[in-house]
There are 2 protein chains.
Amino acid sequence: MENVTPIKSATLSDDLAQQLTQAIVEGSMALGSKISEPELAKRYGVSRGPLREALVKLESLGLITRTANVGARVIDLKVSDLMDTFAMREALEGMAARQAAESMADEEIQALYRLLDDHQMFLDNNQDEHYTSQSGNEDFHQRIIQGSQNQKLIRLLNQDLYATIQLYRRHTADSRPEPRQALREHKAILDAIANREGDLAELLMRRHISRAANLLKKAMLQESVVNEKSSRHSAQK
Amino acid sequence: MENVTPIKSATLSDDLAQQLTQAIVEGSMALGSKISEPELAKRYGVSRGPLREALVKLESLGLITRTANVGARVIDLKVSDLMDTFAMREALEGMAARQAAESMADEEIQALYRLLDDHQMFLDNNQDEHYTSQSGNEDFHQRIIQGSQNQKLIRLLNQDLYATIQLYRRHTADSRPEPRQALREHKAILDAIANREGDLAELLMRRHISRAANLLKKAMLQESVVNEKSSRHSAQK
DNA sequence: GCGCCCAACATTGTCGACAATTATTACCAA
DNA sequence: TTGGTAATAATTGTCGACAATGTTGGGCGC
């Protein structure tokens, strides 16, 4: 029952920001479409005040663009933006891996090994179940990020970049065709962290993300027709 | 008595965000102090609506923290935050240098060489004029960032991180005690970019920033007494 | 005196209405 | 028909007021 007001947060503005983010990522708000404040306010049953605050937040998340006296639009999907985002992710998560190697607790590392074992078992049993494989992948990255203990980094990756990456994933054919390869890379990264080799951990994480970026890019270019269509029929109004 | 609206932007909210950012960075708003919406609104002569939108923006810039139904506070200066920020900056500007080495135009590189020459001449003439040396430093970094042509990176570094870094600079004793060393490092970085050696450019940029971070950290720890005082007399109210 | 509870106050969150700006439409001329 | 222009409609920006939540201070019981 995700539909109408799923979670009751402290403030309407926060709620809205969350719901709108979800709506954009899930595609129920067409990419590139104009956002009408009165319409949205009516649809969510709130006044324009909190809505506008939510829009300001979404703008700084990079999910919408706003121009003064004109209005807001949902962002468009562009390959160049995707590559830009992944370059940043490569740099930042690489740094996260380095810092995790320096400051992650031993028991956390052990827990991560268990996570990877579970993932391995899952792959052996079910031949390829992309969805959970995907969530397992995210879990690994999440824990590395957390392990960096760099608060600024955690916030940036989890709040600012996360939605964007989700958005691109959601709008391209599910890309993660080689879960076993990904798992091997995860294991190598974790080994480096366990050995407290920050340089190596960073290097491996960067290669890992760079590889994923290339796969995503290829997938996106192949179905660029789809993107064209979806961004075109919704570009105006 | 703030200067009364020096620049007139398109929207009050944007104006406010800019002025408040400046006020925080310059220190006319005490670090850690509580922000009263009615008071600020009265001081700037606006209603609470645009003010709140500006506050949402400042929050996502990391300059203030907000808690629902309680209010907003200016952030506090913490050494750990400084180090976190500089770790991110190291990763991101390193990536910027790499991408600049790949995609910067030749004439831009030549212009950068001229900039460094000017800087050199300036240092030879005036023994040590920190302020302009500082602005020259920033100019160099700005151009590298721009040269990366990574829009996401440019926005993040120039808008999100810039204010934070300025804030830390402003609240610690001016740290840049070795402008000649910095200039040498800039020159090495630029050489790497001119030779299209992305790996080297990234490595040098990271070392350069890491060094600056350590200097800043040392300066901050030395005058931690000052920080204690300033954050204490303004903590409540 | 000390701690708890309740009432008065202040601050934040939300709303509806008005002002300012932009988009649209109708109309006229070439 | 086409282009430009003026009037109209719609949307965004801003404001003041009300509702809801937090905070503070005084009084009461122990």
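The sequence lines fix the lettering, A, B, ..., with proteins before strands; numbering per chain opens at 1. Keep in mind it's a predicted model, so treat the numbers as computed, not measured.
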Point to revise | Whole angstrom value for the distance that separates C1' of D/dC15 from NZ of B/Lys42 | key: 17 Å
**Study point:** Set of side chain to side chain donor-acceptor pair (under 3.5 Å) partners for B/Gln151, sequence neighbours left out
**Key:** none
Practice item. Just jot down the side chain to side chain donor-acceptor pair (under 3.5 Å) partners of A/Asp81, sequence neighbours excluded, or say none. Key: none
Exercise for review: Could you tell me whether A/Ile35 contacts a base, only the sugar-phosphate backbone, or nothing, with contacts defined as non-hydrogen atoms closer than 4.0 Å?
Suggested key: sugar-phosphate
**Study point:** A/Leu40 CG - D/dT11 P separation (whole Å)
**Key:** 12 Å
Review point. Taking OP1 and OP2 of C/dT12, is either one under 4.0 Å from a side-chain nitrogen or oxygen of B/Lys34?
Key: yes
Exercise for review: Check the distance between C/dT12's C1' and B/Glu39's CD and give it to me in whole angstrom.
Suggested key: 15 Å
Exercise for review: Sugar-phosphate means primed atoms, P, OP1 and OP2; the rest is base. With that split, encode nucleotides 17-24 of chain D 5' to 3' as B, S or - using protein heavy atoms under 4.0 Å.
Suggested key: B---SS--
Exercise for review: Measure from CG on A/Leu51 to C1' on D/dG13 and round the result to the nearest Å.
Suggested key: 13 Å
**Study point:** For B/Tyr168, side chain to side chain donor-acceptor pair (under 3.5 Å) partners two or more places apart
**Key:** none
Exercise for review: Taking side chain to side chain donor-acceptor pair (under 3.5 Å) as the test, write out the residues that go with B/Ser60, two or more places apart.
Suggested key: A/Ser60
Practice item. Can you run down the salt bridge (charged side-chain N to carboxylate O under 4.0 Å, His left out) pairs that involve residues 157-167 of chain B, sequence neighbours left out, and say none if there aren't any? Key: none
Study note, to complete from the structure: Within residues 52-63 of chain A, those residues having any heavy atom closer than 4.0 Å to DNA chain C are none
Review point. Which pair of heavy atoms, one from A/Ala97 and one from A/Ile144, lies closest together, and at what distance?
Key: CA-CG2, 3.9 Å
Check your understanding: B/Arg66 has an atom CZ; how far is it from atom C1' of C/dT12, in whole Å?
Key -> 9 Å
Point to revise | side chain to side chain contact (heavy atoms under 4.5 Å, CB included) partners of A/Glu108, counting only residues at least two apart | key: A/Met104, A/Ala105
Point to revise | Counterpart residues, side chain to side chain contact (heavy atoms under 4.5 Å, CB included), relative to B/Gln110 (two or more places apart) | key: B/Tyr113, B/Arg114
**Study point:** Distance test, side-chain N/O of B/Thr11 to OP1/OP2 of D/dT14, below 4.0 Å
**Key:** yes
